[in-house]
Q: 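This is the structure, below, for whatever I ask next.
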Amino acid sequence: MNILVEASLEPEVSSTFNVEKIRADFPILNLKIEDKPLVYLDSAASSQMPQPVINRLNYYQTAQHANINRAVHYLSEVATAEYQKARCKLQQFVNAREDREIIFTSGTTDAINLVMHGYGRKFIQADDEIILTTLEHHSNIVPWQMLAKEKGAKIRVVPINEAGELDIHEYKKLFNERTKFVSLIHVSNALGTINPIKEMIAYAHQHDVPVLIDGAQAAPHIPIDVQELDCEFYTFSAHKLCGPTGVGILYGKAEMLESMQPFKGGGDMIASVTFAETTYAEIPHKFEAGTPPIAAAIGFGAAVDYITTIGLEPIAAYETELLNYATIRMLEIPGVNIIGTAANKAAVLSFTIDGIHPHDIGTILNEDGIAVRTGHHCAQPVMQRFNVPATSRASFAFYNKKTEIDALIAGIKTVQKVFL
């Protein structure tokens, strides 16, 4: 997604992308806020859910619900089969080699913590080094800091330039014989920067260092092929992909998952239990202790079906069109500053307005029914890098349209009139 590439200023939607038909699948978009039509520009926090996913969740709850595994009655067998079918859908979505390489988690944060506990606590030792980047979400910083403090390891950080792009030269300079792990974000939630992860993974592998990719912001926008990327771990959440909250996946290479210790203990993650000893189940069950998010996982599978039917490549092209249009329109307004101007961006636009706090911006925009996210976006190192306390963030999805961007631009001008 290259920003500002022949972006049209016409408000009509792309002739090759039927956004009105898609919007009809999202009942919440008919909502009114303060008696104004909802303009939902906060999909980087959580995307909205289409009717086919809502219907699938409802059907499971009304006709298929039971706890999975072990039981032999009809509903349990159905629920077990549907849960496993969802796992297979996620396997195909990321092109994993085997369905057992897909672990259901409660989300991206849970998955990163699983790797930290299961891999990091077993293999990271004193004086080892872990490479992160300035762009990371807090969920890909704090667990590794906890591990480093426990083990006496060290965190090394890749800097970013004024555009919000990683300095790959500095990244390569961080590697040495003590480097034992790399964990990095695919797409910045705060800036929209798309990182060159394939190159970064390949370089880490030259030093025999495994890599985890936080794909929470990438999976809704970019086709993911974990075999092509060759990363050891990849993770994302359903709720940013038109699915339910409370569920995500961790992809892990089978040999890596097999080498790890369990993160949580309990039912279903065991082969046998005595008071003398417990033996663990094979993957993926080894990492899915207790009753999993059955309904949410099945809804996740339905969301993947929905996204796949539309196609991630058309989605990416249309969202780039929206991003380019919004960027041009915003740059026309004096006093508005875009934070993060990487050449390769996903559909995220963070901005500040001279003399106005981002929280005030969000409050006034809400009065016009416009939903944006304000704050540090769980990415305080990014805010520190740009010397701002917070930004306002408009994030676009394939169900948005250019007239909603026009509403945002008008709303920003209203904000300036109120405060300046």
Side-chain angles (χ1 to χ4, degrees), residues 11 13-14 17-62 106-108 189 216-217 219-221 236-248 293 295-312 314-316 318-319 321-323 325-326 346-349 361-375 377 392-411:
V13 301
S14 169
F17 196 87
N18 192 341
V19 68
E20 293 297 344
K21 180 179 179 182
I22 288 170
R23 286 175 65 85
D25 288 335
F26 292 83
I28 202 167
L29 298 181
N30 296 317
L31 194 66
K32 290 195 172 183
I33 307 295
E34 303 286 348
D35 204 34
K36 304 284 182 63
L38 170 65
V39 176
Y40 188 76
L41 303 178
D42 194 24
S43 292
S46 271
S47 60
Q48 294 299 340
M49 192 181 298
Q51 194 65 52
V53 178
I54 297 170
N55 292 345
R56 183 65 187 92
L57 287 167
N58 184 61
Y59 182 70
Y60 168 78
Q61 296 288 6
T62 57
S106 67
T108 304
N189 71 303
Q217 296 295 335
H221 309 292
F236 56 92
S237 303
H239 71 98
K240 299 182 191 297
L241 197 72
C242 296
T245 56
V247 67
I298 291 169
F300 197 177
V304 164
D305 287 342
Y306 182 81
I307 293 292
T308 301
T309 298
I310 298 171
L312 275 168
I315 285 173
Y318 178 67
E319 289 175 345
E321 185 179 328
L322 292 177
L323 176 64
Y325 179 76
V348 170
L349 200 56
I361 297 170
T363 299
I364 299 301
L365 289 176
N366 181 64
E367 293 177 0
D368 286 331
I370 303 168
V372 299
R373 181 76 36 171
T374 62
H377 316 298
S392 299
R393 183 187 70 187
S395 52
F396 312 112
F398 58 94
Y399 44 70
N400 289 122
K401 52 185 181 177
K402 290 181 180 177
T403 53
E404 292 180 308
I405 293 170
D406 294 338
L408 171 64
I409 298 303

Q: What is the distance from atom CZ of R56 to atom CD of Q61, rounded to the nearest 0.5 Å?
A: 10.0 Å

Q: Tell me the closest heavy-atom pair linking T309 and D305, and the distance in Å.
A: OG1-O, 2.8 Å

Q: List in chain and number order the residues that pass side chain to side chain contact (heavy atoms under 4.5 Å, CB included) with A296, two or more places apart in sequence or in another chain; answer none if no residue qualifies.
A: P244, V247, P293

Q: Return yes if some donor-acceptor pair links the side-chain N/O of K240 with the main-chain N/O of A45 below 3.5 Å, else return no.
A: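 Between the backbone of A45 and the side chain of K240 there is a qualifying donor-acceptor contact (under 3.5 Å).
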
Q: Look up atom CD1 in I310 and atom CD1 in I22, then write down how far apart they are to the nearest 0.5 Å.
A: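 Those atoms lie 4.0 Å apart.
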
Q: Is it the case that the side chain of Q217 and the backbone of A44 share a donor-acceptor pair, with hydrogens and angles ignored and the cut-off at 3.5 Å?
A: yes

Q: Begin from the C-alpha positions of L312 and H221 and carry the test side-chain contact (heavy atoms from CB on, under 4.5 Å) through to its verdict.
A: CA-CA 6 Å; L312 275 168; H221 309 292; 5.8 Å; no

Q: Do you know which two heavy atoms are closest between P27 and I54, and how far apart they sit?
A: CG-CD1, 4.1 Å

Q: Which pair of non-hydrogen atoms, one from A295 and one from L57, has the smallest distance, and what is that distance?
A: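 For A295 versus L57, the nearest heavy atoms are O-CD2, 3.2 Å.
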
Q: For the side chain of E404 and the backbone of K401, is there at least one donor-acceptor N/O pair under 3.5 Å apart?
A: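 Yes.
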
Q: Please check: side-chain N/O of S237 versus main-chain N/O of G248, any donor-acceptor pairing under 3.5 Å?
A: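 No; zero donor-acceptor contacts below 3.5 Å.
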
Q: Taking it one step at a time, do I307 and I315 satisfy side-chain contact (heavy atoms from CB on, under 4.5 Å)?
A: CA-CA 9 Å; I307 293 292; I315 285 173; 4.1 Å; yes

Q: In Å, rounded to the nearest 0.5 Å, how long is the span from CD of Q48 to CG of L31?
A: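 The distance works out to 9.0 Å.
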
Q: Just jot down the side chain to side chain contact (heavy atoms under 4.5 Å, CB included) partners of S47, sequence neighbours excluded, or say none.
A: S43, C242, Y399

Q: Between CZ of R373 and CG of L41, what distance do you get to the nearest 0.5 Å?
A: 12.0 Å

Q: For A216 and T108, work out which heavy atoms get closest and say how close.
A: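 Heavy-atom minimum between the residues: CB-OG1, 3.6 Å.
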
Q: side-chain contact (heavy atoms from CB on, under 4.5 Å), that's the test. Do N189 and V348 meet it? Break it down for me.
A: CA-CA 7 Å; N189 71 303; V348 170; over 6 Å; no

Q: Enter the distance from L349:CG to L322:CG here, rounded to the nearest 0.5 Å.
A: 11.0 Å

Q: Which one of I370, V39, D368, L38 satisfies the side chain to side chain contact (heavy atoms under 4.5 Å, CB included) criterion with I33?
A: L38

Q: Out of curiosity, K402 NZ to L408 CG, how far, rounded to the nearest 0.5 Å?
A: 15.0 Å

Q: Relative to each other, are the rings of Y306 and F398 parallel, tilted or perpendicular (30° and 60° limits)?
A: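 It falls in the tilted class, 30° to 60°.
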
Q: List for me each residue that meets side chain to side chain contact (heavy atoms under 4.5 Å, CB included) alongside P37, sequence neighbours excluded, and say none if there are none.
A: none

Q: Taking atom types as modelled, is there a side-chain donor on Y325 or D406 under 3.5 Å from an acceptor on the other?
A: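 Checked: Y325/D406 side chains pair up, N/O donor to acceptor below 3.5 Å.
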
Q: For F396 and E319, work out which heavy atoms get closest and say how close.
A: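 Closest approach of F396 to E319, heavy atoms only: O-OE2, 4.0 Å.
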
